[in-house]
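To find a chain, count down the sequence lines: A is the first, B the second, and so on, and within it residues start at 1.
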Amino acid sequence: MKPPRRSRNSVRPRTARTETPMDAHAHDQAGEHDSSLHRIRHSLAHVLAQAVLKLRPGSTLGFGPAIADGFYYDFILSEPLTEDDFPELEKTMKHIIKQNQRFEREELDRAEALARLDDMGEPYKREYAEELFEKKGIEQLSFYKNGPFLDMCEGPHVESTREIPAGAFKLRSLAGAYWRGDSDNVMMTRIYAWAFESREALDAHVKAYQDALARDHKKLGKELDLFVVDDEIGKGLPLWLPNGTVIRDELEKLARELEFKAGYVRVATPHIAKTSLYYKTGHLPYYASHMYPFMELTETREGEHGTEEEVRETYCLKPMNCPHHHKIFAARPRSYRDLPLRLAEYGQVYRFEDSGALSGLLRVRGMAMNDAHIYCTEDQVKSEFLAVMRMHQEVYDILGLTEYYFRFSTWDPEDPKGKDKYIDDPEGWETTQRLVHEAMVESGARFVVGKGEAAFYGPKIDVQFKTVTGREETASTNQLDFGIAQRLGLEYVGPDNQMHRPYIIHRAPLGTHERFVAFLIEHYGGAFPTWLAPVQVRVLTVGERFDEHAEKLVAALRGEMVRAEMDRSSETMGKKIRNAVTSKIPNVLVVGEREVEDGTVTLRRYGVQQQETLPFAAFQERLLTAIRTRSQTI
RNA sequence: GCCUGCGUAGCUCAGGGGUAGAGCACUUCCUUGGUAAGGAAGAGGUCACGGGUUCAAAUCCCGUCGCAGGCUCCA
């Protein structure tokens, strides 16, 4: 891996992305087009398309690229396919591969290419071809033919289907996908497949995938009683069970401590606000489709001459905390001497996400956000942003998270929808992006650039994670806002006795409880380190006559704020141990005659075969230290 | 919201036009056990909901709701 090079002035272009721990998929997009595995995957996509056209003549084609672990192809099918058709499709594909079809490339100029696509009856490919000619100024387009199958395609491909390893691919799933990813377009049928360089590599991947499913936060959330989503409460509105609430509380405590040390002050704001505030900030009507329906209330008041008049007010569930915090900033005149002002709150927000997007704790409609807004001068932006990045790294170090990358999400001045998508202030964009970029370089954090991913009001640093099933999600986001202060008239008195607009940093290193806990469940596979574990210590006895003694140990631990409990079930000891293990309790204490006599306990750590007998006081001290230091290993 | 698939006990699942099954969990009793499942009995279901077809529907058909995997959007 090459050390990342950093240019000082410009934002790195996408092709020069910095390496990250999660760049396996990125590789595939940038510079790995010629790898043999990529050629195999891409060629298999053509083989799949050929097989689909054989089984469903008259179907038309969308895109069919290689992806991180295989490939997919999109179709408009003449007759529907189901996963039950996969064996037949796979058989047809294997048959095609055996034919040793050669991939032949042909370059056509504009008129020829479009005529060819018309002949082929491929309207979507034609649409894309026209765009390539118009917008990208391309002179020629390449077509690939293998056997009877012809496709407009950039390539590259294998020379012949004989280069495709037999049995190293597997059709995985059927899914709907909008043409060109735009929900205004037609819905195509996408067939996903895994493909590798060998049968062994495929099997290993499939096995790893199946093992990963055991870590799925929805599965573990149920098994470990962390949360439920109840239909009668509402979709996307999880209920946190006692065990899950412990994890929330511990994370919140961690955030409070880090923020206190970093000079934040805490605030608390209501869950609702008048919609008029959101019109002022510019979020409405733009954001309305992502909000719960508004609450209208009508009040009758006495008018000027004893007449009654109706006053209507509209309230909404807040989709974000920012305006509330901004109002706290505006609650009294501010001086530059007050800055930076850092307002923190684990704020509850509600966002009306599409029902089809909801998933466990990962995508919800009600969430508690590790929010804070930092109001500062331009001179302070860089150091404040840097401090935010340092806090990120501290949090991730504590939690042992390594599988993530930072994405510098920037403005795209060439975006045709730019006027609606971004504040129209090129100078503001350039200044803020420079400041964020400098802070990132100074932080030493590696990052990729996400052009066009900026927020409406400023550039941001998103933290991207992957779930066990390989889906990428944003865990948290840090934005530099140069637009809102003006809209809300936020200002402070500078040393020059003039009014100035503050810069505002929105930041949330721990994201939302919902999504962050989902990541943590999967990260730890449900076996949390002691400081986070819902039950930290379970005590069980060899026989009932030791229960009283064990009860005293539990009481002593709880006196030290340790989440300890006793297993009083009338099960055998073996069963009690098994129950503790399947509940993934980090510390199990066994007490019998020997321990009672010696004042010891026998400790069985989760995942450690070797047990240990030690004085209770020594155990307690070790445990309290591990909890206090938030040890990863205990 | 859209595409595809799936909804049977608290959980994991079998069954499938003739009236409901297993394992685990739960309750009670017996067992007092030294490191991953001691034994017995019991209770628990409007087979997601609504409509249709049928002598008869958990089973077939339609609709609704929910869930899963994708797409779009986002923390």
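By the ring pair (Phe, Tyr, Trp, His ring centres under 6.0 Å) test, Tyr346(A) is found to be paired with His513(A), residues two or more places apart in sequence or in another chain being considered. Every residue two or more places apart in sequence or in another chain that forms a ring pair (Phe, Tyr, Trp, His ring centres under 6.0 Å) with Tyr192(A) is listed here: Tyr72(A). Taking the side-chain hydrogen bond (donor to acceptor under 3.5 Å, both in side chains) definition, one finds that Thr469(A) meets it with Thr467(A), sequence neighbours left out.
The CG atom of Asp231(A) sits 12 Å away from the C1' atom of rU64(B) (whole-angstrom rounding). Between Asp598(A) atom CG and rG34(B) atom P there is a gap of 18 Å when expressed in whole angstrom units. With rounding to whole Å, Ile191(A) atom CD1 is found 13 Å from rG5(B) atom P. Between the C1' atom of rU12(B) and the NZ atom of Lys219(A) lies a distance of 8 Å, rounded to the nearest Å. In this structure, the CG atom of Asn579(A) is 9 Å from the C1' atom of rA36(B), given to the nearest Å. In this structure, CD1 of Ile233(A) is placed 14 Å from P of rG66(B), rounded to the nearest angstrom. Spacing between atom CD of Glu548(A) and atom C1' of rU32(B) amounts to 16 Å, rounded to whole angstrom units. The interatomic distance linking Lys575(A) (NZ) with rU32(B) (P) rounds to 18 Å, in whole Å.
Annotation: rA14(B) and rC60(B) have their P atoms spaced 15 Å apart (nearest Å). rA20(B) and rA43(B): their P atoms are spaced 15 Å apart (whole Å). Using C1' as the reference atom, rC30(B) and rU8(B) are 34 Å apart when rounded to the nearest Å. For the C1' atoms, the distance linking rA58(B) with rC13(B) amounts to 16 Å, nearest Å. rG52(B) and rG1(B) have their P atoms separated by 27 Å, given to the nearest Å. Between rG5(B) and rG42(B), the distance separating the two C1' atoms is 39 Å to the nearest Å. Taking atom C1' in both rA40(B) and rC6(B), one finds a spacing of 38 Å when rounded to whole Å. Spacing of C1' atoms, rU28(B) relative to rA22(B), comes out at 22 Å, to the nearest Å.
At least one donor-acceptor pair closer than 3.5 Å links the side chain of Glu345(A) to the backbone N or O of Thr269(A).
With rG34(B), rG66(B), rG38(B) as the choices, the nucleotide that has an atom nearest any side-chain atom of Glu595(A) turns out to be rG34(B). For Gln611(A), counting side-chain heavy atoms from C-beta on, the closest listed nucleotide (rA37(B), rC30(B), rU35(B)) is rU35(B).
Across all strands shown, rG52(B) is found opposite rC60(B) as a Watson-Crick or G-U wobble partner, with both distances under 3.5 Å. The pairing partner recorded for rG17(B) is none, the criterion being a Watson-Crick or G-U wobble arrangement whose two distances lie under 3.5 angstrom. Searching all strands for a Watson-Crick or G-U wobble partner of rA41(B) with both distances below 3.5 Å returns rU27(B). Across all strands shown, rU32(B) forms no Watson-Crick or G-U wobble pair with both distances under 3.5 Å. Nucleotide rC47(B) forms a pair with no other nucleotide shown, judged by Watson-Crick or G-U wobble geometry with both contacts under 3.5 Å. The partner of rC73(B), taking Watson-Crick or G-U wobble pairs whose two distances both stay under 3.5 Å, does not exist in any strand shown. Applying the Watson-Crick and G-U wobble criteria (two distances, each under 3.5 Å), rG5(B) pairs with rC67(B).
For Lys218(A) and Asp216(A), the salt-bridge test passes: some basic side-chain N is under 4.0 Å from an acidic carboxylate O.
Contact between the side-chain N/O atoms of Ser355(A) and the OP1/OP2 oxygens of rG1(B) is found at a separation under 4.0 Å.
Comparing Lys222(A) and Val590(A) along RNA chain B, the residue whose closest nucleotide (by nearest heavy atom) sits nearer the 5' end is Lys222(A).
As judged by a 4.0 angstrom heavy-atom cut-off over every strand, Glu232(A) is placed among residues making no nucleic acid contact. In this structure, Lys235(A) reaches the sugar-phosphate backbone alone: every heavy-atom distance under 4.0 Å involves primed, P, OP1 or OP2 atoms, never a base.
Contacts classified as salt bridge (Lys or Arg N to Asp or Glu O under 4.0 Å) and involving residues 61-73 of chain A (residues at least two apart or in different chains) are not found.
Classified by interplanar angle (parallel below 30°, tilted 30° to 60°, perpendicular above 60°), the ring pair Trp194(A)/Tyr209(A) is perpendicular.
A side-chain donor-acceptor contact under 3.5 Å links His217(A) and Glu522(A).
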Under 4.0 Å protein heavy-atom contact, by nucleotide of nucleotides 68-75 of chain B - B base, S sugar-phosphate only: SBBBBBBB
Let me check something: any side-chain donor-acceptor pairs from residues 229-242 of chain A under 3.5 Å, sequence neighbours excluded? List them with distances.
residue   : atom : partner   : partner atom : Å
Asp230(A) : OD1  : Glu232(A) : N            : 2.6
Trp240(A) : NE1  : Glu514(A) : OE2          : 3.3

